[in-house]
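In this text, all values refer to a predicted model and were calculated from it rather than measured experimentally.
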Amino acid sequence: MKRSTLLLAVLLPAAIILSACGPATVVANPGSALHSLSVTGMGTVELTPDIAYINIGVHTEAPTAAEAVATNNTQTQQVVDALKTAGVASKDIRTSNFSIYPNTQYDPQTNQKIGTTYMVDNTVYVTVRDLGNLGALLDAAVKSGANNVNSIQFDVADKDPATKQARDAAVKDAQTQAQELAKAAGVTLGEIQTITYNNSIPTPIMQSFGKGAGGAADLAVPINPGTMTLTVTVGMAYEIKQ
């Protein structure tokens, strides 16, 4: 009997302590919990490319390095002259690669060295601002000696206006969502608490062409740059009024 009384005496103070601590924690910061509604709006804009970037090269081979370089220099200058004649400004033509390397040949039967050919590659990076003239420009480059057309990248020179348009659309979309959700839930929106922003800049559209002068006939075909999509997302968090 005494043992039971002692146990009760020990447990009772602990219960009093827990009871006292519980309500104190809840009411310590009344109204501190912020009720909010978060939405994400999206805005997209379709862009039509107005500029192109292309690598145009000349590959030559000769028994000596001097011969390969001399032939390559002459051929590359012809290509550059053709590009300028086609309307490309000098500032839009720059050398992106120049290399010389030997190519040693071996007898397949004896594996003995039978000779060495020197190869030279000269590539110019060209900015084309008149896409309507792109097909004719490439045709002229190939006919003048270019035998290595790596790729074409279509892009938009100035994306700022489109980015602003997409951003405005994303904000309106987020606001509309918030208002519709608040109405459906029967609550009232308060002040905007946070705004986050992210834009997805479209990468240039790339088209590849085969190497070699044999591609000249294909390059005469009209080229379609297609379209690009710029996407902007805006996140907004609103306070919900009680």
Shared hydrophobic cluster, Val58 / Met119 (ILVMFWY, side-chain heavy atoms < 4.5 Å): no
Which residues share a side chain to side chain donor-acceptor pair (under 3.5 Å) with Thr117, sequence neighbours left out: Gln105
Interatomic spacing from CG in Leu137 to CD1 in Ile54 - rounded to 0.5 Å: 7.5 Å
Co-members of Ile114 in a cluster of I, L, V, M, F, W and Y side chains, linked at under 4.5 Å: none
Which residues share a side-chain contact (heavy atoms from CB on, under 4.5 Å) with Thr95, sequence neighbours left out: Asn122, Val124
Contact list for residues 48-71, test salt bridge (charged side-chain N to carboxylate O under 4.0 Å, His left out), sequence neighbours left out: none
Partners passing side-chain contact (heavy atoms from CB on, under 4.5 Å) against Ala52 (at least two apart in sequence or in another chain): Val128, Leu131, Leu134, Ile152, Phe154
Ile56 side chain reached by Thr123 side chain, heavy atoms, under 4.5 Å: no
Pairs touching residues 174-198 that satisfy salt bridge (charged side-chain N to carboxylate O under 4.0 Å, His left out), sequence neighbours left out: none
His59 and Tyr101 aromatic ring geometry - parallel, tilted or perpendicular at 30°/60° bounds: tilted
Selection residues 163-179 - residue pairs positive for salt bridge (charged side-chain N to carboxylate O under 4.0 Å, His left out), sequence neighbours left out: Lys164-Asp168
Whichever hydrophobic residues join Phe98 through chains of side-chain contacts under 4.5 Å: Val69, Ile100, Val120
All side-chain contact (heavy atoms from CB on, under 4.5 Å) counterparts of Ala166, not counting sequence neighbours: Val45, Leu230, Val232
Pairwise salt bridge (charged side-chain N to carboxylate O under 4.0 Å, His left out) hits with a residue in residues 78-91, at least two apart: none
Members sharing Met42's hydrophobic cluster (side chains within less than 4.5 Å): none
Result of checking Gln175, Gln193, Gln177 against Met236 for side chain to side chain contact (heavy atoms under 4.5 Å, CB included): Gln175
Partners passing salt bridge (Lys or Arg N to Asp or Glu O under 4.0 Å) against Asp121 (at least two apart in sequence or in another chain): none
